[in-house]
Number of protein chains: 2
Amino acid sequence: MKLEVQIKMNPSLYLRDPEQSELGKNIINYSIQLIQKNGFEAFTFKKLAEAIGTTEAGVYRYFENKHKLLVYIISWYWDWLQFQINYRTNNLKDPIVKLKKVIKILATNVEDDVMTTHVDESLLHQILISEGSKAFLTNHVEKDNKQHFFKPYKDLCNTVGDIILECNPKYKYPHSLASTIIEMAHIQNFFMNNLPSLTDFNKTKDEVEIIKFLEDLVFKSIEK
Amino acid sequence: MKLEVQIKMNPSLYLRDPEQSELGKNIINYSIQLIQKNGFEAFTFKKLAEAIGTTEAGVYRYFENKHKLLVYIISWYWDWLQFQINYRTNNLKDPIVKLKKVIKILATNVEDDVMTTHVDESLLHQILISEGSKAFLTNHVEKDNKQHFFKPYKDLCNTVGDIILECNPKYKYPHSLASTIIEMAHIQNFFMNNLPSLTDFNKTKDEVEIIKFLEDLVFKSIEK
DNA sequence: TATTTATGATAGTAATACTATTATTTAAAA
DNA sequence: TTTTAAATAATAGTATTACTATCATAAATA
């Protein structure tokens, strides 16, 4: 049996649905490669077109600009993570076990998911660490938010927040703690690898340390 | 008595020291205005030059590029905050009181400091919230780090980490918790104002709520 | 087969991110 | 005070970026 997972994206993010054609899938695939390799600032539609073997105009038929393309792949990642979490915490009764699992999923370097052919989740995870916050740290965040560009992120945050409340229904900051876990899973990873003195993981460079830190933070916070 | 605080910046950040001339001070002053108003992406040396009444080439004599200018003003802010913290926690014996003060300083919307004439700290604080992480979230973070561009941030993180250790010498993650507090003081503020469903402060839009959340997080974490 | 639709190829524009040159003003040194 | 050096202003120019527009062709669909 060969299953392909298709994630339905917000149509306001694209002009033509990239999932519906080879060129579109190439745009996603090579965008992830290039953004991960050179960073979002250095990424241009011209370079992307050259890498794919199409023209700049070809890319512009799919995405209005590179920011929407970034939001697209980042949203895709959040949706995919949401699916992973639902799938892998399914049947877990104990909310504490569940929350531990979620922290692990959030903070672990992802392996490429064979169910998605044109997306390398491992690279995408790296992009999220170093470019993720650029999706919302813009002057047009309000406009973007009105178009529901951040729904996947919010949904994930709600999911995590709900599990937190299952652990302790009286905890006062489930959403803020959820967004803190999600953000810190990435930021502490970035710091560990690039500015290690901002962390306590300098020796190991091992994400297991990040997971321990986050578990310590979270479970002490929500302790009854 | 009229005191002027001068913060000595890393000379690798600039070509000509902006503190040493009127034009230089104007560059800093107007950069802060423009970046706060339109965001860093929309900020160009041409617009800056126009705002000041000088030419693009004039700005380039002070800063190699807009990224270094951003790192400059952000570093300035961290240095200034460090000074604020040292000054305002001086003489406080109880490390818990001290840490509370630090959280408050980090999370409170700053008022313009009259000791610095060409820097509006209130605007700068806003810049830190929405642009701060762009200083290090680049492809050249390693190169920048080797030039010690992030020293002010690291120093601040160390200061906070030391206070955490004063509270509980056995706490295992003083630096990670410190960077978490610093980052979250800004990110939760951004979320509160722009993506409130990622927080639990939607009704109030009051930074006091953020302070309470951070205090709850920190003191539960370091409790002996 | 006709016709819509996607793609390819090419051109062009305004803005950005710079570098270079020369003239002019201002400040410091002789 | 004069000479000299340093900082600034004015202008021009380049490569790249971020697009838009046009037209021909290939592929899919009616």
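Throughout, a chain's letter reflects where its sequence line sits, starting with A, and its residues are numbered from 1. The structure presented is a predicted model; accordingly, all values stated were derived computationally and were not measured.
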**OP:** Drop me the distance from A:Leu217's CG to B:Thr180's OG1, to the nearest 0.5 angstrom.
**Re:**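 Answer rounded to 0.5 Å: 6.5 Å.
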Once you apply a heavy-atom cut-off of 4.0 Å, does [X] come out as touching a base, just sugar-phosphate, or nothing?
{"X": "B:Tyr60", "result": "base"}
{"X": "B:Glu56", "result": "base"}
{"X": "A:Tyr62", "result": "sugar-phosphate"}
{"X": "B:Lys46", "result": "nothing"}

With the side chain of [X] defined as its heavy atoms from C-beta on, choose the nearest nucleotide among [options].
{"X": "B:Asn65", "options": "C:dT7, C:dC18, D:dA9", "answer": "C:dC18"}
{"X": "B:Lys66", "options": "C:dA17, D:dA21, C:dT7", "answer": "C:dA17"}
{"X": "B:Thr55", "options": "D:dC19, D:dT11, C:dA9", "answer": "D:dT11"}
{"X": "A:Ala57", "options": "C:dA9, D:dA9, C:dT16", "answer": "C:dA9"}
{"X": "A:Thr54", "options": "C:dA20, C:dG8, C:dT7", "answer": "C:dG8"}
{"X": "A:Thr44", "options": "D:dT17, C:dC18, C:dT7", "answer": "D:dT17"}

**OP:** Apply the side chain to side chain donor-acceptor pair (under 3.5 Å) test between A:Glu64 and each candidate in A:Lys66, A:Lys68, A:His67; give the one that qualifies.
**Re:**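 Among A:Lys66, A:Lys68, A:His67, the one meeting side chain to side chain donor-acceptor pair (under 3.5 Å) with A:Glu64 is A:Lys68.
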Original post:
How about A:Thr138 and B:Glu41: does a side-chain donor come under 3.5 Å of a side-chain acceptor?
Top reply: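 There is no such pair between these side chains.
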**OP:** Ignoring hydrogens and angles, state whether a donor on the side chain of B:Asp162 or B:Asn158 is under 3.5 Å from an acceptor on the partner side chain.
**Re:**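 The answer is no; no qualifying pair exists.
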Original post:
Taking OP1 and OP2 of C:dA6, is either one under 4.0 Å from a side-chain nitrogen or oxygen of A:Arg16?
Top reply: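 Checking A:Arg16 against C:dA6: at least one side-chain N or O falls below 4.0 Å of OP1 or OP2.
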